[in-house]
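This report concerns only the one structure given below.
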Amino acid sequence: MKRLAAVVALLGLATVTACSGNTGDKSAAGGGDGGGGLYTTIDAIKPSLDVNGPINPWSPKGNAFWGYNAMRIAWSKNHLTDPNQFYPGIAASWEIAPDNSSITLHLQPNNKWSDGKPVTAEDVKFSIALAYTQGSTAFAIDPGAAGAASEVEVVDDKTVKISQDMKNPSVTFVRGVMDSFIVPQHVWSSVLPADFWDKLKAARGEGADAENARAEITALSEKVLAFAPPKDVSAGPFALERMNPGEALLVKNKNFYNAANVGPDQVKMLNSTGNEQIWNYLIAGKLDSAPFTAVPADVMKRISSTPGNAVVKGFSPVSLGLAFNQAKKPYDNVHVRRGLAYLINREEVTTIASPEGGTPAVTTTGIHQKPAAEWLGAELGELEPYKLDPAKAEEEFKKAGLKKEGGKWTLPDGTPWKFTINVPTPFSDWVSGAKAVTSQLTAAGVDAEVLTVADYPLYLKEIAEGKYDVGFWLVALGPAPYNIYQRLYGASNGWAILGGKVKHSAPGKNGNWMGGPETIEVDGAKVNPGELTAKLNSASEDEQKTIVGQLAKAANQDLPVVQLWDYVNTQFVNTNHFTGFPENDSDLLRQPAGVWIQLGMVKKK
């Protein structure tokens with residue numbers, strides 16, 4: 001996979017000849033003063049460049065690059081178990097109420113937009129209003145999984161207090177606030193009506209007036225997404241200067257609060273079409289850094305042999321699962337899923353698919369194995385490991401009523417069983433992993449095949465529509481425990497938090513493509529895994545541990561997915577022109593290089 005941010009990432013066409021890399025650029029000229037030069041990289045979030053995209057952080061096609069010209073209130077550390085740890089962004093510091101009921105932001109005192117106007121608390125409040133039109137995280141009319149803000153108060157020119165609606169509290173509320181993008185009100189003011197906050201207040205009521213107000217705010221969503229400022233006015237370390245289909249050029253924002261410590265004068269974002277193109281850039285020494293990219297062993301040797309290239313690795317809070325559509329037979333039968341788990345050699349699959357970017361999952365818990373050790377302790381070792389065991393697989397298949405005829409497994413009525421895995425074509429590690437799985441299953445008598453899908457957005461669309469029997473699915477997206485389990489027991493399996501309440505949709509409805517049972521028996525008691533997951537949002541730390549233990553057992557015995565490998569955040573840096581990159585295991589590896597740069601780490605040699 002190109003990047004764990006592939007949940008949103010797209011790859012597009014690049015013009016390689018337009019990507020000059022470092023040769024001939026300022027960075028190649030030497031210096032030694034710690035500043036200046038051109039930094040060349042790939043954007044992990046949006047590697048496919050669109051010259052017609054607006055400079056708009058909410059637009060899926062926008063040319064707002066996180067950490068470079070797009071700024072958040074703060075940047076998450078993605079701590080193993082604590083979602084409320086951040087690096088400064090628009091906010092220099094903050095105070096979080098002990099019960100998460102509010103957060104008070106203190107903005108960077110000397111930060112200015114690239115056009116010279118100061119960044120103010122009114123900019124933050126206005127940007128939050130824009131976020132409400134998107135119904136995003138902490139800013140939704142109806143409280144969702146991230147809770148909802150009840151009040152946004154400008155305390156003074158550099159201070160904003162945001163309070164949570166404690167009727168539906170969420171432990172991820174603060175994270176939802178901090179992840180918000182901030183844009184200049186003086187550029188965006190035409191997008192929202194002057195009485196927006198009155199409309200929001202009305203929308204929270206009941207009756208026809210409230211319905212009308214909600215409809216008006218919803219209608220603003222498209223207007224916000226389509227808005228295209230005529231030029232980039234950024235509060236980040238860089239502003240977009242120009243772009244073509246092959247690259248985007250950003251120049252230093254001299255008004256950025258920490259501009260004196262921003263190493264490069266310019267940043268060039270190269271377009272990419274997929275992993276192979278990023279490999280070629282790395283082999284040619286064109287990139288000063290590259291985000292997580294799946295790399296086979298032979299390519300890794302070639303990349304490593306390029307002068308200046310180095311590999312840095314760290315924790316990546318995501319795992320890959322082989323996921324089942326339980327609305328389809330025979331995957332509704334847990335014994336079929338268990339039998340398949342016993343036939344998959346996860347060590348071999350990982351070695352083939354992601355030798356540098358993954359480690360074989362120790363078992364299926366729904367949690368990446370590193371935080372699993374923190375959450376589960378000794379209980380992790382008590383779970384069924386599902387090690388390769390063809391005899392146990394045969395036992396499970398027979399319990400499911402499957403039959404073996406002529407060395408091949410059939411469905412209970414004797415009709416052929418075709419096991420098909422769907423994966424998106426651009427994700428080379430997924431394609432390799434799926435082929436390894438089908439090869440192992442075929443050798444055990446399961447007629448298995450891999451079907452590829454043109455791109456990831458189409459894959460997500462079709463899997464949500466229930467078109468696939470089996471697919472690869474990212475799970476364990478921490479650090480907050482609710483986020484970890486929402487991929488197994490959230491909307492894609494029928495459960496969603498709406499209006500602060502958990503609602504379940506039947507298989508095939510409202511994105512429920514996994515179609516798992518509504519209740520599962522764990523330790524002799526029936527539990528509702530979706531409701532348990534929702535409770536994680538407001539539970540105390542001790543309660544969370546208990547719930548996580550129950551959910552891990554439920555996932556382990558019921559296997560909505562077979563966890564294949566846990567990702568390792570493998571990135572690349574080149575020290576020919578710059579120094580100061582994050583080291584192994586740095587939590588900053590979980591943020592774009594633009595965040596490293598804006599914090600003053602990266603310096604010119």
Side-chain angles (χ1 to χ4, degrees), residues 1 320-354 360-361 363-364 384-454 458-459 462-473 475 507-508 513-516 558-565:
M1 194 179 69
L320 182 69
L322 178 72
F324 303 100
N325 183 342
Q326 296 177 54
K328 297 192 175 187
K329 293 185 179 301
Y331 310 105
D332 59 333
N333 193 312
V334 68
H335 296 293
V336 172
R337 303 194 295 274
R338 289 176 185 169
L340 289 165
Y342 282 123
L343 286 180
I344 296 172
N345 183 335
R346 299 189 295 273
E347 287 77 10
E348 183 178 275
V349 171
T350 307
T351 299
I352 293 171
S354 191
T363 184
T364 292
E384 174 57 48
Y386 294 102
K387 286 188 175 295
L388 179 66
D389 193 330
K392 283 189 177 178
E394 190 156 334
E395 252 179 64
E396 294 288 347
F397 283 168
K398 286 180 177 175
K399 285 180 184 175
L402 301 182
K403 297 174 182 175
K404 201 170 191 180
E405 297 175 358
K408 285 196 172 183
W409 288 100
T410 72
L411 298 176
D413 62 2
T415 56
W417 173 24
K418 190 73 172 182
F419 179 91
T420 302
I421 304 178
N422 292 83
V423 289
T425 299
F427 294 1
S428 58
D429 56 340
W430 286 22
V431 174
S432 298
K435 289 180 177 176
V437 168
T438 54
S439 177
Q440 293 171 0
L441 295 181
T442 299
V446 178
D447 187 9
E449 64 174 358
V450 178
L451 291 183
T452 57
V453 184
L458 178 61
Y459 179 79
E462 292 191 338
I463 201 169
E465 292 171 350
K467 291 185 176 179
Y468 307 152
D469 292 354
V470 182
F472 276 7
W473 191 238
V475 300
W513 67 266
M514 300 178 83
D558 196 57
L559 295 183
V561 305
V562 174
Q563 211 162 323
L564 296 177
W565 68 76

Under the criterion ring pair (Phe, Tyr, Trp, His ring centres under 6.0 Å), which of Tyr468, Trp473, Tyr459 is the partner of Trp513?
Trp473
Is it the case that the side chain of Thr364 and the backbone of Gln563 share a donor-acceptor pair, with hydrogens and angles ignored and the cut-off at 3.5 Å?
yes
Side-chain contact test, heavy atoms from C-beta onward, threshold under 4.5 Å: evaluate it for Ile463 versus Asn422 and give yes or no.
no
Decide yes or no for Glu462 and Val453: does some side-chain heavy atom of the first lie under 4.5 Å from some side-chain heavy atom of the second?
yes
Can you give each donor-acceptor pair under 3.5 Å made by side-chain atoms of residues 342-353, sequence neighbours left out, with the distance rounded to 0.1 Å?
residue, atom, partner, partner atom, Å
Tyr342, OH, Glu384, OE2, 3.3
Asn345, OD1, Glu347, N, 3.2
Asn345, OD1, Glu348, N, 3.0
Arg346, NE, Ala361, O, 2.9
Arg346, NH1, Pro385, O, 3.4
Arg346, NH1, Tyr386, O, 3.0
Arg346, NH2, Ala361, O, 3.3
Arg346, NH2, Val362, O, 3.1
Arg346, NH2, Pro385, O, 2.8
Glu348, OE2, Gln440, NE2, 2.8
Thr350, OG1, Arg346, O, 2.7
Thr351, OG1, Glu347, O, 2.9

Rounded to the nearest 0.5 Å, the CG atom of Leu340 sits from the CH2 atom of Trp409 at a distance of 11.0 Å
Whether the side chain of Ser439 engages the backbone of Lys435 through a donor-acceptor N/O pair (distance < 3.5 Å, no angle test) should be reported.
no
Can you see which heavy atom on Gly321 is nearest to which on Val561, and at what distance?
CA-CB, 4.3 Å
Side chains of Arg337 and Asp558: does their closest heavy-atom pair fall under 4.5 Å?
yes
Please, which pairs that meet salt bridge (charged side-chain N to carboxylate O under 4.0 Å, His left out) have at least one residue in residues 398-415, sequence neighbours excluded?
Glu394-Lys398
Taking every heavy atom of Pro416 against every heavy atom of Leu411, the minimum-distance pair comes out as O-CD1, 3.9 Å
Please report the interatomic distance OH(Tyr331) to CG(Leu559), rounded to the nearest 0.5 Å.
14.5 Å
Nearest 0.5 Å please: distance from the OG1 atom of Thr420 over to the CD atom of Glu449.
3.5 Å
Asn333 CG to Leu402 CG distance, which is reported to the nearest 0.5 Å
7.5 Å
Spacing of Trp565 atom CH2 and Leu322 atom CG [to the nearest 0.5 Å]:
10.0 Å
Please report the shortest heavy-atom distance between Ala400 and Pro412, naming the atom on each side.
O-CG, 3.9 Å
Interatomic spacing from NZ in Lys392 to NZ in Lys387 - rounded to 0.5 Å:
11.0 Å
What are the two closest heavy atoms between Ala393 and Gly339, and how far apart are they?
CB-O, 3.3 Å
For a quick test of reading the model, state the closest non-hydrogen atom pair linking Ala434 to Val423 and the distance between them.
CB-CG1, 4.0 Å
Any heavy-atom pair between the side chains of Lys329 and Val336 that's under 4.5 Å?
no
Is the shortest heavy-atom distance from the side chain of Phe419 to the side chain of Thr442 under 4.5 Å?
no
Give the C-alpha distance, both sets of side-chain angles, the deciding distance and a yes or no for ring pair (Phe, Tyr, Trp, His ring centres under 6.0 Å) between Phe397 and Trp417.
CA-CA 12 Å; Phe397 283 168; Trp417 173 24; 5.6 Å; yes
